[in-house]
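Have a look at the structure below before the remarks.
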Amino acid sequence: MTFGIKRTHLASEITPALDGSQVTLLGWLHEKRDLGGLRFLLIRDRSGLVQAVAAKKEVSPELWEELSSFKRESVLAVKGIAKASPQAPGGAEVRIREVLLISPSEDPPIDVVGKTSADLDTRLDNRIVDLRRVEPQAIFRIQSTVASAIRSYLRENGFIEVFTPKIIATATEGGASLFSVFYYDRIAYLSQSPQLYKEQLTSAFERVFEIAPAFRAEESDTQRHLSEITMVDAEAAFMDYQDVMSLLDGLVERVVKAVNEENRRELRALGREALEVKVPIPRITYDEAVSILDRKGVEHEKDADFGTVQLKALSEELRDFYFITDWPTAARPFYAKPLEGRPERCESFDLMYGWIELASGATRVNDGKLLKERMSSQGLNPDSFKTHLKWFNYGMPPHSGFGLGLARLLMVLTGKDNIREVVMFPRDKRRLEP
RNA sequence: GCCGCGGUGGUGUAGCCCGGUCGAGCAUGGGGGCCUGUCACGCCCCAGACCCGAGUUCAAAUCCCGGCCGCGGCGCCA
């Protein structure tokens, strides 16, 4: 430790059993209370909070003065004696013998303790301080569990984790708008999805997945869209979309189980009960969804994607998780495989939660010739996909996959309705900092 | 991008409709004082704000216009 002080215990390790032991805490000054002859310091570290206390009669006048000089959020080393004490929160506290100011803080711009709430926008402007609050702490600890659960689940199912380039050459993929970047003497683009790469990789590894950023230069200004998102993408040879939905059944189940097991404290901090998911997740077809809308008298455009009005109406009937399958081919990207004998529908699905789309996937077209036709019929020029189409000449297996928005899933798990709550440093049309 | 609403101390809000009583209220945070078991500690004192610009008016936090920003909804959305 270059600053010369070694931590002996975390806050959570100060228990009545330690009574009498000498301890050194390292952490942040969360809160202080001055009772005149007694001064309490609440010390926060990655494990939680612990109370440190000094009595005027027991410490040197110099230390006594110093104790009231520390500002909240300063980094302190506190040396003292652990004491079992019925009055202390958690039944134990640290009697202060020595305190060292390791790094001072100015008055924090927002309240970390939680007495006065700040608007999301203000919190994001001060995100690093905001992240010290219990709620963001809970959200991002859950996120870590989710990412870890997804990785182990997919690896156990034969997928390997891959990393594909985010700087790409062509802007002609259709769909969402891309951000352009200067690439030496050329223009390049930020990838909106690893779609093409992951499909190609099934011909080399069969099963691949990636957890990586995707960039969308869209006008979207909603509580569930951002310009930079983290996508969980998976793609598997010799699977069809039904297999992929079953894979997602297992994935969601695993994630929920992991969070329930590992994040009890965090769920409580968010005021959430243990999470539940029943698998298999119900699957309804697009046409069935349309019938529901008709029955409810909700207008919708024929063979088009659903808008918010339609999805909200559907979610009144279909709560929690559900799949909408067999979408109109025209409303889906060119690589979605049309249904055999019914080419106006394709082997595709969206994983929904309420009216929020969490993931979408499909069986992909693995015939190069058909793929070209599909590009043309969607108004795309097959020539711009030459490098992609090339690999369809060298043994491209039938394959399927999905793309899942990590933050969307996290919204569902944490019960947040603004995606910015569950992304540490969100990027949207206006926000580029911090 | 469109529609609606909003912008008041560090933070969160009251006041705005119905202009003057605002020398702008409250809470929290901050400074000072008192207090030996607090855990939203308590009590006393102090400091701290009307988004920017143009306009109406004797007078603007309050009304009008523009800009920027925010909130909600919709649209856009491999």
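Computed over heavy atoms, backbone and side chain alike; hydrogens, waters and symmetry mates excluded.
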Residue whose nearest RNA chain B nucleotide is more 5′ - A:Asp221 or A:Arg216: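 Between the two, 5'-proximity favours A:Asp221.
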
Residue whose nearest RNA chain B nucleotide is more 5′ - A:Asp34 or A:Arg408: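 Nearest-nucleotide comparison on RNA chain B picks A:Asp34.
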
Which of the following nucleotides, [options], is nearest to the side chain of [X]?
X: A:Ala88; options: B:rC74, B:rC71, B:rG37; result: B:rG37
X: A:Glu219; options: B:rU28, B:rG1, B:rU13; result: B:rG1
X: A:Lys115; options: B:rG37, B:rC76, B:rA40; result: B:rA40
X: A:Thr116; options: B:rG37, B:rU28, B:rC35; result: B:rU28
X: A:Glu93; options: B:rG37, B:rG12, B:rC35; result: B:rG37
X: A:Leu35; options: B:rA78, B:rG72, B:rC41; result: B:rC41
X: A:Lys312; options: B:rG73, B:rU36, B:rU11; result: B:rG73
X: A:Gln87; options: B:rU28, B:rC39, B:rC71; result: B:rC39
X: A:His225; options: B:rU38, B:rA40, B:rC76; result: B:rC76
X: A:Ser193; options: B:rG72, B:rA78, B:rC77; result: B:rA78

How many whole angstroms separate atom [atom1] of [X] from atom [atom2] of [N]?
X: A:Asp350; N: B:rA78; atom1: CG; atom2: P; value: 11 Å
X: A:Glu31; N: B:rG30; atom1: CD; atom2: C1'; value: 15 Å
X: A:Ile356; N: B:rC77; atom1: CD1; atom2: P; value: 17 Å
X: A:Ile43; N: B:rC39; atom1: CD1; atom2: P; value: 18 Å
X: A:Ile110; N: B:rA27; atom1: CD1; atom2: P; value: 22 Å
X: A:Arg39; N: B:rC41; atom1: CZ; atom2: C1'; value: 15 Å
X: A:Phe40; N: B:rU36; atom1: CZ; atom2: C1'; value: 8 Å
X: A:Asn418; N: B:rG73; atom1: CG; atom2: C1'; value: 13 Å

What is the nucleic acid contact for [X], judged by heavy atoms within less than 4.0 Å: base, sugar-phosphate only, or nothing?
X: A:Gly114; value: nothing
X: A:Asp121; value: sugar-phosphate
X: A:Pro89; value: base

cation_pi(A:Arg374, A:Phe334) dist<6.0 Å, angle<=45: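 No cation-pi geometry.
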
Check: A:Val162 and A:Phe209 side chains under 4.5 Å, non-hydrogen atoms: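 Side-chain contact under 4.5 Å: no.
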
Does a nitrogen or oxygen in the side chain of [X] sit under 4.0 Å from OP1 or OP2 of [N]?
X: A:Ser360; N: B:rA78; answer: no
X: A:Thr222; N: B:rG75; answer: no
X: A:Gln223; N: B:rG73; answer: yes
X: A:Arg33; N: B:rC41; answer: yes

Pair assignment for B:rG9, Watson-Crick or G-U wobble, requiring both distances under 3.5 Å: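 Pairing partner: none.
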
Watson-Crick/G-U partner (both atom distances under 3.5 Å) of B:rG37: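 Result: none.
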
Pair A:Glu347, A:Thr363: side-chain N/O donor-acceptor within cut-off below 3.5 Å: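 Yes.
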
Sidechain N-carboxylate O distance under 4.0 Å for A:Asp121, A:Arg431: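 So A:Asp121 pairs with A:Arg431 through a salt bridge.
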
Salt bridge A:Glu210-A:Lys198, side-chain N to carboxylate O under 4.0 Å: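 Looking at A:Lys198 together with A:Glu210, the answer is no, because their closest N to O distance does not fall below 4.0 Å.
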
Does [X] contact [N] through a side-chain donor or acceptor facing the base, at a distance under 3.5 Å?
X: A:Asp305; N: B:rC77; answer: no
X: A:Arg224; N: B:rG75; answer: no
X: A:Ser220; N: B:rC76; answer: yes

Separation of [Y] [atom2] from [X] [atom1] (nearest 0.5 Å):
X: A:Ser203; Y: A:Glu235; atom1: OG; atom2: CD; answer: 11.0 Å
X: A:Tyr353; Y: A:Leu409; atom1: OH; atom2: CG; answer: 10.5 Å
X: A:Met375; Y: A:Asn381; atom1: CE; atom2: CG; answer: 9.5 Å
X: A:Leu38; Y: A:Leu67; atom1: CG; atom2: CG; answer: 11.0 Å

Strand contacts (RNA chain B) in residues 50-75 of chain A, 4.0 angstrom heavy-atom criterion: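 Residues of residues 50-75 of chain A under 4.0 Å from RNA chain B: A:Gln51, A:Lys57, A:Lys71, A:Arg72.
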
Sub-6.0 Å ring centroid separation between A:Tyr183 and A:Tyr189: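 When the ring centroids of A:Tyr183 and A:Tyr189 are compared, they turn out to be at least 6.0 Å apart.
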
